[in-house]
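None of the values given here were measured: they were computed from a predicted structure. We number each residue from 1, following the sequence as shown.
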Amino acid sequence: MDIKAKKSLGQNFLKEESVLKNIANSIATNENDLIIEIGPGKGALTKHLKNKNSYLVCYEIDNRMTEILKKLEDDKTKIIFQDFLAANILEDIKDYDYENIYIIANIPYYITTPIIKKVIELPKLESMSLLVQKEVAERFSANPGSKAYGSLTVYLNYYFEINYLFTVKNTCFEPIPKVDSAVINFKKRDKKTDIKNEELLFKLIEDSFKMKRKTLKNNLKNYDWYKINEVLIKNNLPDNIRAEEISLDLFIAIANNLA
């Protein structure tokens, strides 16, 4: 059954077997764990995930894949034809007695962040491996001081330990996209307990990166600069520092001092 990729869905089908195998192996699951696959497409990766013998729930938005994917269903594998962003995940998985949740997805750039934000607070989430554009993977895994480091990087680091696993050449896809992709893994961190005001922390991070070329001081004119500078002095940092040079821990220290 020859199904052509839909541009409107941002579809690019991964066809390289060795890469599919490596993505499946990027999560270490046992038979009592639950894997959620977002966008199985023609089921190329799904077949490798089934070999892990974990519970497997797949969300596919493209109904043209019904005939192909339905053949993969069994007592441990369930295919749901729905937009993942509109799904009630906890309702869909309530009948499974699982230990941890693992997420795997090959997703177009424009829904990467909404998907991450949807699952960030999912109970029992252990880790997720996402196949995304290389540039996006570099942004997510960037370190302070690098050009790719931004507010989203800091926000994600609050919840996850992020690792850039490997690059996937554009020629591994059908049709061939313009850019290379990469697989990135997000391992859930334990909830931080030393935060005085989480809302303030997230607002501070967002405001700090408002104008990337500007210094922290210029971006945070509506904040108590004396309290911010106290933390900078304590860490031997200049007051003309930019947000992209500041680590998550330092943002936490500043937010706590402001709180």
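Y96 contributes no side-chain N or O that, together with a main-chain N or O of N32, makes up a donor-acceptor pair within less than 3.5 Å. Remark: side-chain polar atoms of N157 are paired, donor with acceptor, to backbone N or O of T153 under 3.5 angstrom. R189 places a side-chain N or O within 3.5 Å of a backbone atom of F160 that can act as its donor or acceptor partner. A distance-only check finds a donor-acceptor pair linking the side chain of E60 to the backbone of D62 [under 3.5 Å]. Remark: side-chain polar atoms of K134 are not paired, donor with acceptor, to backbone N or O of V183 under 3.5 angstrom. For the pair S208 (side chain) and L204 (backbone), a donor-acceptor distance under 3.5 Å is present. Checked by atom type and distance alone, the side chain of K188 never pairs as donor or acceptor with a backbone atom of E121 at under 3.5 Å. Under the 3.5 Å distance criterion, the side-chain polar atoms of N197 are left unmatched by any main-chain donor or acceptor of N256. At least one donor-acceptor pair under 3.5 Å links the side chain of N170 to the backbone N or O of P177. The closest donor-acceptor contact from the side chain of E245 to the backbone of R242 lies under 3.5 Å.
Put simply, the side chain of I228 does not reach to within 4.5 Å of the side chain of D224, judged on heavy atoms. I101 places a side-chain heavy atom less than 4.5 Å from the side chain of I93. Between I104 and L49 there is a side-chain heavy-atom pair separated by less than 4.5 Å. In this structure, the side chains of P40 and L69 come closer than 4.5 Å at one or more pairs of heavy atoms. Contact of the L45 side chain with the L131 side chain is not registered, since no non-hydrogen atoms from C-beta on lie closer than 4.5 Å. Between F186 and L156 there is a side-chain heavy-atom pair separated by less than 4.5 Å. Contact annotation: the side chain of L56 approaches that of K50 to within less than 4.5 Å [non-hydrogen atoms, C-beta and beyond]. Between F173 and S181 the shortest side-chain heavy-atom distance falls below 4.5 Å.
Geometric assessment of K214 against the ring of F209 yields a negative cation-pi assignment under the 6.0 Å and 45° thresholds. Note that K124 lies in the cation-pi zone of Y98, set by a 6.0 Å cut-off to the ring centre and a 45° limit from the axis.
Ion pairing of K187 with E126 is present here, as a side-chain N (NZ or NE/NH1/NH2) and a carboxylate O approach within less than 4.0 Å. With respect to E230 and K234, no salt bridge is recorded, no charged nitrogen being found less than 4.0 Å from a carboxylate O. Ion pairing of K52 with D33 is absent here, as no side-chain N (NZ or NE/NH1/NH2) approaches a carboxylate O to less than 4.0 Å. Ion pairing of K203 with E206 is absent here, as no side-chain N (NZ or NE/NH1/NH2) approaches a carboxylate O to less than 4.0 Å. A salt bridge does not link K76 to D74: none of the charged nitrogens lies less than 4.0 Å from a carboxylate oxygen.
Side chains of E244 and S146: no donor on one and acceptor on the other come within 3.5 Å. Counting only N and O atoms by type, the side chains of Y59 and D92 include a donor and acceptor under 3.5 Å apart. For the residue pair D207 / Y223, a side-chain donor-acceptor distance below 3.5 Å is found, with atom types taken as modelled. For the residue pair Y158/E198, the side-chain donor-acceptor check at 3.5 Å is satisfied. Side-chain polar atoms of T113 and Y110 form no donor-acceptor pair below 3.5 angstrom.
Connection of F166 to L130 is not established within any shared hydrophobic cluster, with ILVMFWY side chains joined at heavy-atom distances below 4.5 Å, either directly or through further cluster members. Residues F251 and I120 share a hydrophobic cluster, clusters being chains of Ile/Leu/Val/Met/Phe/Trp/Tyr side chains in contact below 4.5 Å. Hydrophobic cluster membership is shared by I205 and W225, with clusters built from Ile, Leu, Val, Met, Phe, Trp and Tyr side chains linked at under 4.5 angstrom. Y102 and V119 are not part of a single hydrophobic cluster, where members link through side-chain heavy atoms under 4.5 Å apart. Cluster membership for V154 and L232, using ILVMFWY side-chain heavy atoms within less than 4.5 angstrom, is shared.
Considering all non-hydrogen atoms of both residues, A182 and Y164 come closest at CB-OH, 3.4 Å. Closest of all the heavy-atom pairs between K117 and Y155 is CE-CE2, 3.9 Å. Of all the heavy atoms in C172 and L14, the pair that sits closest is O-CD1, 3.5 Å. Contact detail for K47 and L72: the closest heavy-atom pair is CG-CD2, 4.1 Å. Between S127 and N185, the shortest heavy-atom contact is OG-ND2, 3.6 Å. Taking all atoms of both residues into account, the shortest heavy-atom contact from I116 to F140 is CD1-CE1, 3.8 Å.
The number of heavy-atom neighbours closer than 6.0 Å to CG of D97, taken from other residues, nucleotides and ligands shown, is 12 or below.
In this structure, the separation between CG on L220 and CG on N229 is 11.5 Å, given to the nearest 0.5 Å. I111 CD1 to L85 CG: the interatomic distance, rounded to the nearest 0.5 Å, is 5.5 Å. Taking NZ of K42 as the reference point, atom CD of E67 lies at 13.0 Å (rounded to 0.5 Å). Here N22 contributes atom CG and H48 contributes atom NE2; the two are 9.5 Å apart, rounded to the nearest 0.5 Å. The distance from the CD1 atom of I254 to the CG atom of N235 is 8.5 Å, given to the nearest 0.5 Å. With rounding to the nearest 0.5 Å, the separation of OG in S151 from NZ in K212 is 8.5 Å.
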*Show your reasoning for whether side-chain contact (heavy atoms from CB on, under 4.5 Å) applies to N163 and E161.*
CA-CA 7 Å; N163 284 302; E161 191 183 304; 4.0 Å; yes
*Could you go through the side-chain contact (heavy atoms from CB on, under 4.5 Å) check for Y55 and V57 one step at a time?*
CA-CA 7 Å; Y55 298 110; V57 174; 5.9 Å; no
*Just do the side-chain contact (heavy atoms from CB on, under 4.5 Å) check on I36 and I89 with the steps written out, would you?*
CA-CA 9 Å; I36 294 174; I89 309 167; 3.8 Å; yes
*Step by step, would you call E73 with K70 a salt bridge (Lys or Arg N to Asp or Glu O under 4.0 Å)?*
CA-CA 5 Å; E73 279 195 320; K70 280 290 179 189; 3.3 Å; yes
*Under the side-chain contact (heavy atoms from CB on, under 4.5 Å) criterion, do L237 and L250 qualify, and how do the steps go?*
CA-CA 11 Å; L237 294 168; L250 201 58; 3.2 Å; yes
